[in-house]
Amino acid sequence: MANWKLETLAVQAGYTPENGAPRVVPITQSTTYKYDDAQSVADLFDLKREGFFYTRLANPTVDCFEKKIAAMEGGVAAVATSSGQNANALALLNIARSGDHIIAVSSLYGGTVTLFANTLKKAGLEFSFVPPEVTLAEIDALVRPNTRAIFAEMLANPALIVLDIEKMAAAAHKHGLPLIVDNTFPTPFLCQPFQYGADIVTHSTSKYIEGHATSIGGMVVEKGGFDWSNGRFPDFVEPDASYHGLIYTRDFKACPYSVKLRAQWIRDLGSPMMPFNAFMSMVGCETLHVRMERHCFNAQKLAEHLEQHPMVSWVNYPGLPASPQHAMAQKYLRGASGVLCFGVKGGAKAGEIVMNSLKVAAIAVHVADLRTCVLHPASMTHRQLNEQELAAAGVSSDLIRVSVGLEHIDDLCADFDQALDKAGKA
Ligand SMILES: *Cc1c(COP(=O)(O)O)cnc(C)c1O
């Protein structure tokens, strides 16, 4: 399996049926597991052996999905969570205590900005937000003794800024910090951040990975090999009182971060992925590579089409040669994903007419599934953000975000043409 290509891993990794077993991963819809003797259960509780004893911690169906994503990202382990939001929250809480400090690139998904700048801030974490073009020297100046990580999105939603991941990894590693990368938009098919120096990858599997808009989910993936005993992470090297003095870096050398995440945070906050969602997400993920190719193809064509339209003032898609992100996309991404943004002449009002007139594309608060949808971030996903935060996230008031689906490209172009014509006549 180690040498399999991403496509083969997408189809087959995570679940290998035994002789006569179901070909498709079964849904283990059970909270509990039966054991013959007390010692087996005691050993499970002490993390002395692997197995299942309560679905809040681990479940066979979820376990298969975790193994599939870990294999596809090239990591040593993955922990599934109830949502992408939960994945990003736990990715930080697993290494930062109240009073600790995180550096985050500002061009983040709106939900992540709110999580960091409000909710986790109230819980005691401090954040420094830096622009994507931040220099190494600027990061050097921000790092404090209590800094615990650098966090960024590989392809920012919705600004579509491609992370200069090698720069960020160098900046993080210089100070013994892990680089955490939210890889939701590229998916492992378009980019594997571990190859460029990321240490932890997070996902909202609710997007392309599941792909059909049926199931919310998240994933935290560990690359392995990060030195958690470098002095910045006492919780990894000091005995865990909640596990009879277990020491993560000593007792779980291969994947201390993932064991700690599951044993402490998933256990204590109770936010695992549900087996049915894991099943849906895993089945969806098995066609990821085929879908992503078509998402990229359709988005490229629609971006080129909109660029020519007289009612369109600008188009932002990293796959366009004119895009300032084009070079970075060429460097790190196998395709520019299925999301593009554009501005309509006539601003927010004209934008509303376009949105309301579309027939193939629907207005939906989602991205990255097989049905084309549109969203006006300033009045929808990003409405909790103030003007400065909007600007930092790269969201202008005329910005329409299109998540290009898998319909025929001719139908999509015709749909946008008729809607733009209506706005032009208004
Ligand atoms: C959607 C999204 C999230 C949040 O994921 P949910 O599954 O909706 O909780 C986080 N990061 C990015 C980049 C996203 O697009």
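We number each residue from 1, following the sequence as shown. Computed from a predicted structure; not experimentally measured.
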Measuring from atom [atom1] of [X] to atom [atom2] of [Y], what distance do you get when rounded to the nearest 0.5 angstrom?
X      : Y      : atom1 : atom2 : result
Cys285 : Arg291 : SG    : CZ    : 7.5 Å
His295 : Leu190 : NE2   : CG    : 10.0 Å
Phe194 : Lys223 : CZ    : NZ    : 7.5 Å
Leu399 : Arg401 : CG    : CZ    : 9.0 Å
Leu47  : Lys260 : CG    : NZ    : 13.0 Å
Met72  : His203 : CE    : NE2   : 8.5 Å

[X] side chain to [Y] main-chain N or O, any donor-acceptor pair under 3.5 Å?
X      : Y      : value
Ser323 : Gly319 : no
Arg232 : His175 : yes
Glu210 : Thr214 : yes
Thr55  : Ser30  : yes
Asn183 : Cys191 : yes
Asn298 : Glu407 : yes
Thr287 : Val290 : no

Inset, instruction - Please indicate whether Glu50 has more than 12 foreign heavy atoms, meaning atoms of other residues, nucleotides or ligands, lying under 6.0 Å from its CD. - result: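 No - once you tally the heavy atoms of other residues, nucleotides and ligands closer than 6.0 Å, there are 12 at most.
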Legend entry - Other residues, nucleotides, ligands: >12 heavy atoms within 6.0 Å of Phe276 CZ: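 Check fails, neighbour count at 12 or below.
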Salt bridge flag under 4.0 Å for residues [X] and [Y]:
X      : Y      : answer
Glu126 : Arg144 : yes
Asp369 : Lys207 : no
Glu166 : Lys331 : yes
Asp63  : Lys67  : yes
Glu66  : Arg262 : yes
Glu307 : Lys301 : no

How far apart are the closest heavy atoms of [X] and [Y], and which atoms are they?
X      : Y      : answer
Ala89  : Leu120 : CA-CD1, 4.5 Å
Glu222 : Ala254 : OE2-O, 4.3 Å
Tyr317 : Ser337 : OH-O, 2.6 Å
Tyr248 : Ala263 : OH-CB, 4.1 Å
Ala299 : Gly338 : CB-CA, 3.7 Å
Glu153 : Leu163 : O-CB, 3.4 Å

Test item: [X] and [Y] side chains (from C-beta on) under 4.5 Å apart, heavy atoms:
X      : Y      : result
Leu340 : Asn316 : no
Phe416 : Val312 : no
Leu90  : Leu269 : yes

Inset, instruction - Compute the ring centroids of Tyr196 and Tyr332, then answer whether they are less than 6.0 Å apart. - result: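 Yes, the ring centres sit under 6.0 Å apart.
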Inset, instruction - Could you tell me if the ring centre of Tyr33 sits under 6.0 Å from that of Phe52? - result: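 Yes; Phe52 has its ring centre under 6.0 Å from that of Tyr33.
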Inset, instruction - Might you work through the side chain to side chain donor-acceptor pair (under 3.5 Å) test for Gln418 and Asp415, ending with a clear yes or no? - result: CA-CA 5 Å; Gln418 62 83 21; Asp415 192 34; 3.0 Å; yes
Legend entry - Verdict with reasoning, Phe189 to Tyr208, per ring pair (Phe, Tyr, Trp, His ring centres under 6.0 Å): CA-CA 10 Å; Phe189 178 68; Tyr208 288 120; over 10 Å; no
Which pairs of donor and acceptor atoms, one on a side chain in residues 98-114, lie under 3.5 Å apart (sequence neighbours left out)?
{"unit_1": "Asp100", "atom_1": "OD1", "unit_2": "Arg148", "atom_2": "NH2", "d": "3.4"}
{"unit_1": "Asp100", "atom_1": "OD2", "unit_2": "Arg97", "atom_2": "N", "d": "2.8"}
{"unit_1": "Asp100", "atom_1": "OD2", "unit_2": "Arg148", "atom_2": "NE", "d": "3.0"}
{"unit_1": "His101", "atom_1": "ND1", "unit_2": "Thr147", "atom_2": "OG1", "d": "2.7"}
{"unit_1": "His101", "atom_1": "NE2", "unit_2": "Ser128", "atom_2": "OG", "d": "2.7"}
{"unit_1": "Ser106", "atom_1": "OG", "unit_2": "Val130", "atom_2": "O", "d": "3.3"}
{"unit_1": "Thr114", "atom_1": "OG1", "unit_2": "Gly110", "atom_2": "O", "d": "2.8"}

Inset, instruction - Before giving the answer on salt bridge (Lys or Arg N to Asp or Glu O under 4.0 Å), spell out for Arg334 and Glu7 the whole-Å C-alpha distance, their side-chain angles and the decisive distance to 0.1 Å. - result: CA-CA 13 Å; Arg334 189 163 157 185; Glu7 290 79 350; 2.7 Å; yes
Inset, instruction - Verify side chain to side chain donor-acceptor pair (under 3.5 Å) between Gln308 and Glu304, making sure each step is shown before the conclusion. - result: CA-CA 7 Å; Gln308 304 302 321; Glu304 288 166 6; over 6 Å; no
Inset, instruction - Start with the C-alpha distance between Lys174 and Asp140, add both sets of side-chain angles, then the distance that settles side chain to side chain contact (heavy atoms under 4.5 Å, CB included), and finish with yes or no. - result: CA-CA 9 Å; Lys174 184 176 167 191; Asp140 286 347; 2.6 Å; yes
Inset, instruction - Using the six-membered ring wherever Trp is involved, compare the ring planes of Phe236 and Trp228 and label them parallel, tilted or perpendicular (cut-offs 30° and 60°). - result: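 It falls in the parallel class, under 30°.
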Legend entry - Phe127 six-ring face occupied by Lys121 cation (under 6.0 Å, within 45°):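 Ring-cation test returns no.
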Legend entry - Derivation and outcome, side chain to side chain contact (heavy atoms under 4.5 Å, CB included), residues Phe65 and Ile209: CA-CA 11 Å; Phe65 184 39; Ile209 285 185; 3.9 Å; yes
Inset, instruction - Determine, step by step, whether Thr28 and Asn59 satisfy the side chain to side chain donor-acceptor pair (under 3.5 Å) criterion, reporting the C-alpha distance in whole Å, the side-chain angles of both residues, the deciding distance to 0.1 Å, and the verdict. - result: CA-CA 7 Å; Thr28 305; Asn59 166 281; 5.0 Å; no
Inset, instruction - Assess whether side chain to side chain contact (heavy atoms under 4.5 Å, CB included) is satisfied between Val220 and Ser258, documenting all intermediate values. - result: CA-CA 8 Å; Val220 183; Ser258 302; over 6 Å; no
Inset, instruction - Take His173 and Asp199 through the test side chain to side chain donor-acceptor pair (under 3.5 Å) and record every step on the way to the result. - result: CA-CA 10 Å; His173 296 159; Asp199 301 287; 2.7 Å; yes
Inset, instruction - Begin from the C-alpha positions of Asp182 and Asn88 and carry the test side chain to side chain contact (heavy atoms under 4.5 Å, CB included) through to its verdict. - result: CA-CA 8 Å; Asp182 181 332; Asn88 283 334; 3.1 Å; yes
